[in-house]
Amino acid sequence: MFFHICHLAVILSISFSAVSGSPRIKPRIIGGVEVYDRCRPPFNWMVALRMNSPAGPVTFCSAVMLDNTTLVTAGRCISQFVTTSISPGVAVVGERDLLGVDRFEQTIPIESIRLHPDYNRVTYDNSVGLIRLAYPARLSQCVKPAQKMEDDPDACQDLDTSCVMAGWGPYAEATQPTNSRVVRSAPVTVYGDFVTLQLELTRTQQYQPQGSLYAEAINPRQKACFFDWGGVVSCVRNGNTVLRGFVSEHNCNANPAPPILITNVPDFEQWIDACQRNWASVTCTGRPVA
Ligand SMILES: *[C@@H]1O[C@H](CO)[C@@H](O)[C@H](O)[C@H]1NC(C)=O
């Protein structure tokens, strides 16, 4: 047989929704289960990004720790700070309960940010940015850098059901989005390049944004929404929990809601490495050095 069974299932589901035209995500219940034992991957990689608003501090995005001073997040989480003088706020490492001060919590100022030089705020191409902390975070079982993606010959490339997403986004339908106090996580299927492309061609007759993949919550009542941007997406490779990507965008109010757009972190490994080696390099900043 040419198609492995996992290919077949997704092709059937794509053509089914294309024919029926019905939204695949119906009752709009946002968020998954609360994570209380967050001192394990991928939750111990997560960092809350917080800024002050007239209504008080808001966790507007999350980020994933790459090393003790570098975080990775979605383009939309930092693009507004690149073009304005608004402060990008603080990184809360080891965050557990947004309303409390937790045992492993470290609130660290953001020293500087790097937005991918080819980020496109309209199409979400290259939706990736890096954050450098003003000083290194103290690592512990509850605060750890993410484990890199690995090759695994046994992994299902096209329809990867070994994955979870997590974020502090709202967990209930409301006109005013409010954070979940505790990280929430939901199992997701990450679609590989081939499946993502088929889905996007069916939906919009276009290519998916550069460096992105689609994902769909396995429980169709769960989805990503506001403030889940930058939320980790991990998958299992060789028995290890590894960093696949993060939530780039999910227009959770559209009807039908599109799939969840995630940034495929391995696509940006070269750029990330260049920045980690030299934060001021042309490759990293996209601008000639003065
Ligand atoms: C942060 O990581 C660097 C490089 O791995 C290491 O040299 C340094 O000691 C670490 N700092 C802390 C505070 O853990």
Side-chain angles (χ1 to χ4, degrees), residues 35 37-51 57 59-75 77-78 81-82 87-98 100-117 128-152 166-168 183 211 230-246 263-286 289:
V35 175
D37 55 337
R38 64 165 294 288
C39 298
R40 61 187 166 103
F43 312 113
N44 51 6
W45 311 340
M46 293 185 69
V47 178
L49 301 181
R50 196 172 73 195
M51 65 181 176
T59 296
F60 62 98
C61 274
S62 45
V64 177
M65 183 172 283
L66 296 179
D67 64 37
N68 62 19
T69 41
T70 317
L71 317 177
V72 67
T73 189
C77 294
I78 60 167
F81 307 118
V82 173
S87 156
V90 292
V92 187
V93 175
E95 178 67 282
R96 181 190 296 264
D97 177 350
L98 294 183
V101 176
D102 308 302
R103 184 162 162 224
F104 294 96
E105 185 174 315
Q106 302 163 56
T107 300
I108 304 182
I110 290 170
E111 183 216 83
S112 54
I113 53 181
R114 290 287 181 264
L115 181 62
H116 192 282
V128 57
L130 295 170
I131 291 172
R132 175 161 279 183
L133 302 177
Y135 50 85
R138 279 186 316 278
L139 304 184
S140 67
Q141 191 54 41
C142 302
V143 174
K144 272 200 188 303
Q147 185 152 337
K148 273 194 181 169
M149 178 76 167
E150 299 171 17
D151 285 333
D152 178 351
W168 278 281
V183 167
V232 69
V233 178
S234 70
C235 299
V236 176
R237 289 289 181 279
N238 308 304
N240 301 317
T241 299
V242 298
L243 177 61
R244 184 73 193 256
F246 47 77
T263 298
N264 189 26
V265 169
D267 279 0
F268 297 101
E269 216 153 82
Q270 283 190 341
W271 179 70
I272 292 171
D273 285 351
C275 290
Q276 282 179 305
R277 270 197 311 275
N278 185 351
W279 194 249
S281 66
V282 185
T283 315
C284 182
T285 63
V289 239

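Order of appearance sets the numbers: ligands from 1, and atoms from 1 within every ligand. Just so it is clear, the values below take in all heavy atoms, side chains as well, and ignore hydrogens, waters and symmetry mates.
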Looking at atom 9 (O) of ligand 1, tell me if a protein heavy atom falls under 4.0 Å from it. no
Answer yes if a protein heavy atom lies under 4.0 Å from atom 2 (O) of ligand 1, otherwise answer no. yes
How close do Thr70 and Trp279 get, heavy atom to heavy atom, and via which atoms? CG2-CZ3, 4.5 Å
For atom 12 (C) of ligand 1, what's the nearest protein heavy-atom neighbour? Residue, atom name and distance, please. Asn68 ND2, 3.3 Å
Could you check atom 13 (C) of ligand 1 against the protein and tell me its nearest heavy-atom contact, residue, atom and distance included? Pro136 CB, 3.8 Å
So with a 6.0 Å cut-off around CG of Asp151, is the heavy-atom count from everything else above 12? no
Close side-chain approach of Pro88 and Ile78, heavy atoms under 4.5 Å: no
Is any side-chain heavy atom of Arg237 closer than 4.5 Å to a side-chain heavy atom of Arg244? yes
